[in-house]
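Here's the structure, in structure tokens; my notes come after.
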Amino acid sequence: MIKPVYILAIESSCDDTSASVICNTKILSNVIANQDVHSKYGGVVPELASRAHQQNIVPVVQQALEQAGVSKKNLSAIAFTKGPGLMGSLLVGTSFAKSLALGLQIPLIDVNHMQAHILAHFIKEEGNKTPPFPFLCLTISGGHTQIVKISNYFEMEILGETIDDAVGEAFDKSAKILGLPYPGGPLIDKYAKLGNPKAYSFTKPKVGDLDFSFSGLKTGILYFIQKQQRINPNFVEENLIDICASIQFTIVEILMEKLKNAVKKTNIKHIAIAGGVSANSEIRSRLLQAEKHFGWTTYIPKFEYTTDNAAMIAITGYLKYLNNNYSDVSVTAQARLKVTE
Ligand code: KG4
Ligand code: ZN
């Protein structure tokens, strides 16, 4: 019998410290420590994130191993997020992973965070459907908005991307305008469920067929709110659910329009979503509708694999392990890294 492969994976690219243990393609544990410290600042404060990672990393790794029932000596390799992300945050995970791999004398595997968001679809688990190659992935997070064509595990091509803000930023900045704490995306989603998506209309950006732009929308929302508040200072409080529903509707309309363009251009109808914003209920339901209306097959990750998590680093690490694609100890964190690198 072939010996099972156990990999410990570490994710620390932004403001979540996470560790996961995988046995081949099956996740045994996925522990995530969120950092509440940022909410009152309206965004992630890099210095505080880095410090919190340093405090969290040992207990989070310990818990991941315990939950998995795997001891360090049984690990086959250590995988970690190399980038993209905040340098101070990435360095904590990178140095921890390096020291552990060196100490245990096992291979070290660096993982591209953006590839990992996409490859989370290959975790074998009930409720997680695996797409066939080639497929398209709409990668939507706090830092990225891209349509990627995936021809094989590590053969990816960016078909279109944002020219300014990421879609997660559009959610978070809109939420900030409405006085909601960071990260505002999930809150907009929550209030939007109760409101009328057609209550207000916002102008959609005009960019290339497969590209995105969200900075104009954010400014449009800001001016609209300021104008309404001059007439009624309680405008936001009185209409919060309708404002949220209308913002969310506009953003999801933009995403769906671009996906339709990409399908037309490539004739690929296997459509996946990945990244934190793929937790959004409206994009999820619109994709399910597209199955019926346009004959697409859609791949929507389980909630726990949408926002940053180490399970996605673990599956990517496993796929690299199968190819003996290990890193040298001289590997360094990279704040900027494309999904194709
Ligand atoms: O992938 P992720 O956890 O971190 C990055 O790599 O950026 O994505 C975080 C982003 C944040 O902007 C957050 O507001 C957004 O995902 N987000 C959502 C939802 N859940 C998380 N946006 C809209 N609706 C949601 N339900
Ligand atoms: Zn992410």
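This structure is a prediction, so every number in the text was calculated from the model and none was measured. Remember, it's 1-based here, ligands and their atoms both numbered in the order they're listed.
Of the heavy atoms in Gln248, none comes closer than 4.0 Å to ligand 1. Residue-level proximity to ligand 1 for Thr307 is carried by backbone and side chain together, each with a heavy atom below 4.0 angstrom. When heavy-atom distances to ligand 1 are checked against a 4.0 Å cut-off, Val277 comes that close through both its backbone and its side chain.
Ligand 1 has a nitrogen or oxygen under 3.5 angstrom from a nitrogen or oxygen of His117. Considering backbone and side-chain atoms together, Asp172 places an N or O closer than 3.5 Å to an N or O of ligand 1. Any N or O atom pair closer than 3.5 Å counts here, and Pro183 shares no such pair with ligand 1. Considering backbone and side-chain N/O of Gly275, none are found under 3.5 Å from N/O of ligand 1. Every N/O-N/O distance between Asp16 and ligand 1 stays at or above 3.5 Å.
The pair Asp209-Lys258 does not meet the salt-bridge criterion, since no charged nitrogen lies less than 4.0 angstrom from a carboxylate oxygen.
With distances taken over non-hydrogen atoms, the option nearest atom 23 (C) of ligand 1 out of Thr81, Asn309, Asn280, Ile251 is Asn280.
At the shortest separation from atom 10 (C) of ligand 1 among protein heavy atoms lies Gly142 N, 3.6 Å.
Residue Tyr223 places its OH atom among 12 or fewer non-hydrogen atoms of other residues, nucleotides or ligands, all under 6.0 Å distant.
Ligand 1 lies less than 4.0 angstrom from a heavy atom belonging to Gly143. Within the 4.0 Å heavy-atom shell around ligand 1 one does not find Glu282.
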